[in-house]
Amino acid sequence: MKALTDNKTLFLQRSVLALTLAAALAGCANLAPDYKQVAAPVPGDWSQQVDGKQIVAAAGGKSAQAEADSIGWRQFFLDERLQQVIAASLANNRDLRVAALNIEKARAQYRITDADRYPAISATGSSTASRTPAELSSSGRATVSRQQSVTVGISAYELDFFGRLKNLSDAALETYQYNVETRRSTHISLVAEVATAWLTLASDRELLKLAEDTYASQSRTFELSRRSHDIGTVSGVDLASQEATVESARADVARYTSQVAQDVNALRLLVGADLDEKLLPQGLPQTSAVLLATPAGLPSEVLLRRPDVLAAEHTLKSANADIGAARAAFFPSITLTANGGTASRTLGGLFNAGSGSWTFSPSINLPIFNAGSLRASLDSARITADIDVANYEKAIQTAFREVADALAVRATLDQRLDAQGKSTAASEKSFRLSEARYKNGIDSYLSTLVAQRTLYSAQQTLISLRLTEQSNRITLYKVLGGGWNEQTRVMEEKPAS
């Protein structure tokens, strides 16, 4: 019994020594290139010039003291109905659900890859029995032999001298981080898309109301003109012109009715569930979102916080780790297989003295000739890294353009709204005067018809421009990285004790 105990102690000591040495030597070299932050290939400020004129976006109101990505969407969007619709979309949208599941999948893949860096210890118990016929037995009699064994050991544990497994684990970790940032980007985009779809529905319902009112008014005028035509006070030309205007308005009513239905369907798809009619807008609100200030700081400081840019950077880091793994494949790899336990012909003899058993099988693999496949793998990893650098730079440039475009639109929106508002007011005044002159027999109906169509077009343009102004606020909020937090960070921070 003492001999068995000594054998087990000796095996355990050797196993611990081997594993300790393996852990100390594994990962002692990392062949991955040192990661360096890629310089942002964008201008140093947000200012733009068009025909020698400087374009500068006006500063906002209460949000001027906070960065867009720190403003919670519940504080940015002011309409309570819109807040409820956004909350429903975040709970039910299928694209967001897939993005979250991709995170869980990437996390599991990382755990699988990282587990290869550590020895897998397993216990095995086996029992075998065999019968040898008499003519094959050395004793001339049929014999039955049995063997029982219990072993504990490790199998094919690779000593990671050159960091191959470590780099593969790092690459899987960066892939996981990429999915995390992709989910954040999907979340932000969903918030902006739902808000834009909600406002688009509001705009189209307002256009539908305008078309219905215009159609009703023109129908009444046409009916009066038809009666006047019957008694000979209105010409057939004027009556035909009025009828054409009425039918045009009726076509607009049908067109906007269809568009409103499509807007509702689009919003339902984004939300991922049916919507209460009480949450849907009947017209454009005066202000649906906070007006953001011109972003402070350099573009690189602002843009590098965007989740899509961070996701591109994680892809670049993953490619960097893949280069290290490809380099390590050129060097020898050493694997260890060892186990220890007891073996006996009978179950009762498994724990008798002298039944101890162990095996230790180290192996080394040295690549000598592989027809250039290792070199090609390394070249592929390097080219992939170069591609990811270009994609990362493009992501930054795209982000800069999106912000610059939103700021350029914002810089002139106030002027456009003011001009269109005055133009609409002037068109309405012109129509009223022309209508009065027609009723007094001074002008023909053609002048009134032209003035009416001009007013109708001006009213439509004003509604569309109001939608553009509201959508621009949302776009600027999105492209600056806002929409991830539900509540503003400053409001969530607790005072220091």
Side-chain angles (χ1 to χ4, degrees), residues 18-39 102-121 154-183 304 307-338 362-396:
L19 292 176
T20 302
L21 180 62
L25 293 178
C28 59
N30 192 335
L31 302 180
D34 294 333
Y35 178 75
K36 296 180 180 179
Q37 180 74 48
V38 179
N102 283 335
I103 292 178
E104 299 301 322
K105 180 180 178 181
R107 180 188 288 119
Q109 290 295 127
Y110 164 67
R111 291 169 57 192
I112 293 173
T113 304
D114 191 61
D116 291 337
R117 299 174 54 202
Y118 306 97
I121 302 175
I154 59 175
S155 177
Y157 168 54
E158 180 178 345
L159 300 180
D160 196 20
F161 287 110
F162 303 102
R164 187 183 74 87
L165 299 179
K166 175 65 167 58
N167 282 311
L168 291 177
S169 175
D170 290 344
L173 179 60
E174 295 299 334
T175 300
Y176 162 72
Q177 295 291 349
Y178 164 83
N179 282 278
V180 170
E181 297 300 336
T182 299
R183 194 258 182 186
L304 294 183
D308 57 335
V309 175
L310 291 174
E313 185 177 18
H314 285 302
T315 300
L316 178 56
K317 290 180 179 179
S318 176
N320 207 59
D322 286 335
I323 292 177
R327 285 177 174 175
F330 285 87
F331 295 88
S333 61
I334 298 175
T335 57
L336 302 179
T337 299
S363 64
I364 183 171
N365 176 40
L366 177 63
I368 296 177
F369 176 76
N370 47 61
S373 63
L374 294 181
R375 173 60 62 183
S377 297
L378 178 58
D379 291 343
S380 176
R382 285 173 172 167
I383 294 172
T384 300
D386 291 339
I387 293 173
D388 290 336
V389 168
N391 288 334
Y392 177 65
E393 292 176 338
K394 183 178 179 181
I396 297 176

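- Looking at every heavy atom in both residues, Y176 comes nearest to A106 through CA-CB, 3.7 Å.
- Salt bridge annotation for R117-D114: present, with a cationic side-chain nitrogen under 4.0 angstrom from a carboxylate oxygen.
- In terms of modelled atom types and a separation under 3.5 Å, the side chain of D388 and the main chain of A319 share no donor-acceptor contact.
- Without hydrogens or angle criteria, D160 side chain to K166 main chain gives a donor-acceptor distance under 3.5 Å.
- Here CD1 of I387 is found 14.5 Å from CZ of R382. Values are rounded to the nearest 0.5 Å.
- Judged purely by atom type and a 3.5 angstrom limit, S377 uses its side chain to pair as donor or acceptor with the backbone of S373.
- Rounding to the nearest 0.5 Å gives a distance of 9.0 Å between CD1 of I103 and CD of E181.
- Of all heavy-atom pairs between A171 and A321, the closest is N-CB, 3.8 Å.
- Among residues two or more places apart in sequence or in another chain, the salt bridge (Lys or Arg N to Asp or Glu O under 4.0 Å) test is passed with D386 by none.
- Annotation: side chain of L304 is not in contact with side chain of L310 (no heavy-atom distance under 4.5 Å).
- Contact between A325 and L168 at its shortest, heavy atoms only, is CB-CD2, 3.7 Å.
- More than 12 heavy atoms of other shown residues, nucleotides or ligands fall within 6.0 angstrom of atom OH in Y392.
- Nearest approach of R327 to L31, heavy atoms of both residues: NH1-O, 2.8 Å.
- Formation of a donor-acceptor pair under 3.5 Å by the N179 side chain with backbone atoms of T175 is found in this model.
- Under the 3.5 Å distance criterion, with hydrogens and angles disregarded, no donor-acceptor pair is assigned to the side chains of N167 and D322.
- Remark: side-chain polar atoms of T182 are paired, donor with acceptor, to backbone N or O of Y178 under 3.5 angstrom.
- At least one side-chain heavy atom of L336 sits less than 4.5 Å from a side-chain heavy atom of L159.
- With rounding to the nearest 0.5 angstrom, the CD1 atom of I323 is 10.5 Å from the CG atom of D379.
- Side-chain N or O atoms of R164 include none that pairs as donor or acceptor with a backbone N or O of A329 at under 3.5 Å.
- Remark: the backbone N or O of A156 is paired with a side-chain donor or acceptor of T337 at under 3.5 angstrom.
- Under the 3.5 Å distance criterion, the side-chain polar atoms of T113 are matched with a main-chain donor or acceptor of Q109.
- In this structure, the separation between CZ on F161 and CD1 on I334 is 4.5 Å, given to the nearest 0.5 Å.
- Within the 4.5 Å cutoff, the side chain of K317 has no heavy atoms near those of the Q177 side chain.
- Inter-residue side-chain proximity for E158 and D116 is flagged as unmet; no heavy-atom pair is nearer than 4.5 Å.
- V38 is listed as a side-chain neighbour of E393, based on a closest heavy-atom distance under 4.5 Å.
- Taking the side chain as every heavy atom from C-beta outward, R375 and L378 approach each other to under 4.5 Å.
- Qualifying ring-ring contact (aromatic ring centres under 6.0 Å, His included) partners for F331, counting only residues two or more places apart in sequence or in other chains: F162.
- Shortest non-hydrogen contact noted between I396 and V309 is CG1-CG1, 3.8 Å.
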